[in-house]
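Residue numbers count from 1 along this sequence.
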Amino acid sequence: MSSPSAKRPSAISRWKREPGPPRTVFVNQGLPQAYYGNKRKVTKDAVYASNQVITSKYTVITYIPRNLLEQFRRVANLFFLGVGILQFFPKFSNISGAVAILPLLIILAITAAKDGYEDLKRHQSDKKVNYSKVRVLAGGNWSNDNATASKNKTFIRGILPKREPEIKEMTPRETEIAYDYKFDTEAHDPPHWKETLWEDVRVGDMVKILDNEPIPADILICATSEEEDVAFVETKNLDGETNLKSRNAVPSLTDLNNAKECADPKNKFAINCDRPDTDMYRLNANVKLGDHTSPVDLSMTLLRGTVLRNTTWVIGVVLFTGLDTKIVMNSGGTPSKRSRVERQMNPQVFFNLFLMGGMAVVCAIADSLLEVHYFPLGAPWLFGDDKSDDNPRINGLVTWAFSLLTFQSLVPISLYISIEFVKTCQAAWIYFDSDICYKKTGQATIAKSWNLSDDLGQIEYIFSDKTGTLTQNLMLFRQCSIGSVVYRGNDNREESLEVDEKRSTDSDAHRFYDRNLEHDLEAALSEDPDRRHARNLNGFFTVLSLCHTVLTAQEPETGRIIYKAQSPDEAALVQAAADVGFQFLGRERDILSLRTPSSEGVEKYELLNILEFTSARKRMSVILRRVDGDDHRLFLLTKGADNVIFERLKPGVDQDIREETEKHLSQFANEGLRTLTLGYKIITEDDYELWNKRYHEATIAMQDREEQIETVSNEVEQDLRLLGATAIEDKLQDGVPETIADLKRAGIKIWVATGDKLETAIAIGRSTNLISPDANIIIVRGGPRPARDQIIAATAHFFPGAFASPSTLDFKDIKRSPSPSPENDKVKAEGGDIPLQRIMTGASIVGDDNGDRPGGFVLVVDGAALLEAFADEENKTLLLRLATLCEGVICCRVSPLQKALVVHLVKDNLGAMTLAIGDGANDVSMIQAADVGVGISGEEGLQAVNSSDYAIAQFRFLKKLLLVHGHWSYARNGLMILNFFYKNMVPTGVLWWFQIYCGWSGAFVFEYIYILFWNSIWTIAPVIGIGLFDRFLGSEQLMQVPELYHYGRKHSWFGMRLFFIYMFDGLVQSVVIFFLIFYSYTTISSRADGFNVDQTEFSTTMAIAAVMVADLYTGFSATAWSGWIFFAVYLGIVIVWVFTAIYSSISPSYGITTVYGNTYLLFHSPYFWLCLPLAFLLAMAPKYLLRGWQFIFRPSDIDIIRWISLKEPDRDLSQLAPSEGVGSTLKGMLEAQASLRSTPSLVSRSGSRRSSVISIEPRLNKNRSASRMDMATGTTSVDRGFDFATEEGGVAIQRIQTNLSERRENMRARKSSIMKGKEALSHVLSLKRIKKKPPSPRKGE
């Protein structure tokens, strides 16, 4: 028993907290004395985490400090705080210090409110999970003495008062569940199962889980409702696998099968556990019951995140809760994400701060030198400057501080509040877009993190889960090939589509039907059948209905048979056989019952052996004999991978069927279907007896048992007769192939990370268009050959010249993938670099048609290989190099933590923008690791959605979210920010040039109110209008031409280069505005009375001209002059004119202003009316002469698409040809797409979105399949879509094998005794025959 004071290892830096300590859980007994410290308090190491799981960032206590810390990561906020504090000193104050700091406080408050609202939504989602209910043992004086930490207080729990739960009277059904034994109705509070919130579940609690309920914590199984205490769980939320896993109870605890037994003090025991860890496949523990200790492993536990299936109930003990559960430990803490644009802004703000500081230093030095020079000369403006705080020596410092206030508009505080407002509205645009709202459920796309909208327009890599994200978790039997005849299901396409729609809502709605098959089955029962095909049909569906481990149950209401399968593939196969009349009725130990169209009654088969499926064998076989009827022959029925079955076929037999079946398999695989090949064999009794004896000896061998079993199994699985092949569809989400194809056209790399096995991952890659029919698949997996050697060999073989030496390779050698273009496929001269993205390659994986596969390369790597690759930096570099050379990457058999590590591999080392999308708890760490996390609100709960930045209902919505909303947001935000910096450079430049004429004193040339309202009234509307309403192209064009996304992917809309261009434009325009107007007014007086002009006359003209130039320049930056843009551009101009007229007319009797009378002096002056248009035209001319030249002589792709849309508004741009004068980048991408269109494809762009798989076009005269090379073995094969998901070596199959083994032993014993009896009887009979005389022959005979 572990001591609670055992020393903990150091914490893993990635997690929010240290994992809990090794623990001993005590049940039905108190804690030992060693677990208590001073004052009878349980020691810290014996206090376990609560079962409350929070994905939100803030609590009541941490909300304000953490939010302020995040906001002051912005350098500008620190500057605004300093400027606000400075204005509290009267010497530097232009306005009240409180007024000066008010804008900053407003920004902080609005941002905090937005962040709080986002987090409140996370708290509400957390509440749905934490407030789920489970049945916990209560009553009967039962108590749980194991200590649990207190729960965290959230916003809701911290603010709202506690409410007493309402006591509801239980229904009879609830009473039956709560009191699962005969109890005394008059007893006070007998033991029972009480409904409790998940967050209140504690370590050591006894819980009861019912069928189809999720597991609230990591639980040790005590007893189950099934025979031999087996339970079945769905683990797709943990590992992505759709097949059920079998679990079994601890043998010593199976008596704890009701509340009374669980609460009985006599049943006390202790569970010793290792400390919690992230390994999803390992658990070391033991149960000590009295003097007996039983081992415990993962097969005896139910993990949080799984769902109980096909099991009426399970009773267990809670081992790990909350943050100590494996699923939560594989999820990182909720990160604080900032958009890339916001991160890029920091250097720009730094530059402006540096520029402003430099300007202030120049003013300070120049002012100090001038004062030192003129003070001895008695300059009147320096009168009295002989005090300690006011003299030529110190005034330079004062001027420096005052100049900071003068030029502070260079870093506008309104920029940040404008960004927050615009991004909030952009989140609303996404929410109200009906195109990405799932009509079936009314689920809209929700932006949970409003500040990442522009990141959606810059994505370079997408990391996607498979189960529930790309697929619907449904297996449908679609097609089959039987005796060289292919049956493709319902001939009526529309009817088939209607069936699919119903199937999506009702798991039992789909039934396989084929008119030709129905006709052939009827013909097989006729008097004159085609005996060969009739035999194949009967054998094919007999294999489907008997070669499996499916269990049956009956619906109480209808009596209909329900199939309960660990493998969804097996359920689909058995159901398909039942659909055509071969109905499996169930099993009674080793007797299988089957109803067929040809039999009047029920056929009975005796199951003799199961040769179970493993990933190494890639096949499953059963040996059985019919126990009724006249035919008692023994049959071997087999299903498995095509290559495995074909190499075991009887030579020279059914060659025509084999050739046709191979063609059909290639067609099935090219349609993205999962294939299995079926065969059979008749075994003689003598051969079986000899083989069974060897098989039994292999099963009881003490050394090399698995190898011996495989050797003996392989002996009998020879000389098979081929029956045909099946094709199952792993039903995709609507529109997945089309979406992936368009995202690939956009130049986005797509990686799939799944917990499924290798074959399943490849099958999904094919059906989703990630793997094209002519692709070359490179497999790197754990095995006898180190992963590092496999990666090096693959890179050297398929991409020669990628790098010279692995030992000298570094991450800096791996360059970002260039945009797709034909030139990317040309390798430079020997010794040169190789491009990292090959859209169409001339090289091919080795095979019969080496060099003739244009589909590019796809890397498939499993979790074991990733574990080796992440062991050191060199291996990571090698893996990343190979991965970036391929068009796509599929990671299979990966844990949630490995998913996050793969994202970090790309994100941290390539600096690429990443997006992760998933729908389950196993995707949380990946979603949090990516720059943008997208959760799908699917069937696997809310864990992924709670941790995501965007929540969508269907994967297909990702296309518009990125190509339209993301691209628009990035372009709008980038243009808005650039114009913000530009428009503030204009007045700052005017103020700077004025310093030449005011003695570098930091004085304002304008009336201060023009500067005060510059960012809040005069020029704010145009930039916000651009951020909200600008559209460089319409949504239709962006969806039809995904290649245009390269503008966002290459970060073309925002960067340092554009920043300096816009800043330079503002500087040039400030020169024009200041010097043109200044010298126009001062060279010759504009006054008719001959007096000199006042400063306010030309400065007000400058102010109005600057507003007009800045607003119209910003407006002309927009590309869609809608009514809203027009309104926003002219709003500030109109206001500044009206304000000037009113403000200049205010009499001194109402308020003191320095511009009183300007209405007369300005509006009657020809200089005013001359300078305004002249300054405007001269300031705007350079920029727009250049833009006009570019549009005419060097138009961009966007200009060309916009022009085509204008001239041909009804044209379908998805068929745009490279020859239509587009730019070089778009031309290269379109040429690559045209080349891809010339090869077979799984999806037609004009096809129905309702169908996930489109048949290959009839024009193809050759059935091609992807070539694959396994780098672990060096073998090359043609991929024909084999895939079969089932639990390997699970508890259920072990129990079946044990029963069969016991039956064999009993039969062997009975046979031995019978043989002995026969020998004795034979001896007795032989003696009698010796004594008896033979009859004498008759006469005549």
Item to complete: Could you check L637, T549, T614, L611 and say which one makes a side chain to side chain contact (heavy atoms under 4.5 Å, CB included) with M620?
Response: T549

Worksheet item: Are K326 and D218 within salt-bridge range, i.e. N to O under 4.0 Å?
Response: no

Item to complete: For the residue pair P191 and W142, establish whether any side-chain heavy-atom pair is separated by less than 4.5 Å.
Response: no

Response to the item:
In L624, N692, T699, the residue satisfying side chain to side chain contact (heavy atoms under 4.5 Å, CB included) with N609 is N692

Worksheet item: Hey, does E213 have a side-chain heavy atom less than 4.5 Å from the side chain of L308?
Response: no

Practice prompt. Answer yes or no: is there a side-chain heavy-atom contact under 4.5 Å between N248 and M300?
Written response: yes

Worksheet item: For the side chain to side chain donor-acceptor pair (under 3.5 Å) test, which of D274, D324, N146 pairs with R23?
Response: D324

Fill in: Steps toward side-chain contact (heavy atoms from CB on, under 4.5 Å) verdict (K245, T306)
CA-CA 10 Å; K245 306 293 194 305; T306 60; over 6 Å; no

Discussion item. Which residues pass the ring-ring contact (aromatic ring centres under 6.0 Å, His included) test with F584, not counting sequence neighbours?
Written reply: H548

Discussion item. Determine whether a donor-acceptor pair (N or O, by modelled atom type, separation under 3.5 Å) exists between the side chain of S132 and the backbone of W198.
Written reply: no

Discussion item. Please check: side-chain N/O of S225 versus main-chain N/O of W313, any donor-acceptor pairing under 3.5 Å?
Written reply: yes

Worksheet entry | Flag, side chain of Q29 to backbone of F269, donor-acceptor distance under 3.5 Å | yes

Worksheet item: Can you find a heavy atom in the side chain of V134 that is under 4.5 Å from one in the side chain of V136?
Response: yes

Item to complete: Measure the shortest side-chain to side-chain distance between V53 and V129 over non-hydrogen atoms and say whether it is less than 4.5 angstrom.
Response: no

Discussion item. Is it the case that the side chain of K639 and the backbone of C547 share a donor-acceptor pair, with hydrogens and angles ignored and the cut-off at 3.5 Å?
Written reply: yes

Discussion item. Determine whether a donor-acceptor pair (N or O, by modelled atom type, separation under 3.5 Å) exists between the side chain of N28 and the backbone of N267.
Written reply: yes

Discussion item. Are F320 and L283 packed together at the side-chain level, in the sense that at least one heavy-atom pair is separated by less than 4.5 angstrom?
Written reply: yes

Worksheet item: Is the backbone of K260 close enough, under 3.5 Å, to the side chain of N258 for a donor and an acceptor to pair up by distance?
Response: yes

Worksheet item: Cut-off 3.5 Å, side chains only: do T311 and T224 have a donor facing an acceptor?
Response: no

Worksheet item: So do the side chains of L298 and R282 get within less than 4.5 Å of each other, counting heavy atoms only?
Response: no

Discussion item. Looking at N272 and T24, would you say the former's side chain and the latter's main chain have a donor-acceptor pair under 3.5 Å?
Written reply: no

Worksheet item: So, T321 side chain and V203 main chain: donor-acceptor pair closer than 3.5 Å or not?
Response: no

Worksheet item: Should we say atom CZ of R595 is surrounded by more than 12 heavy atoms from elsewhere, each under 6.0 Å from it?
Response: no

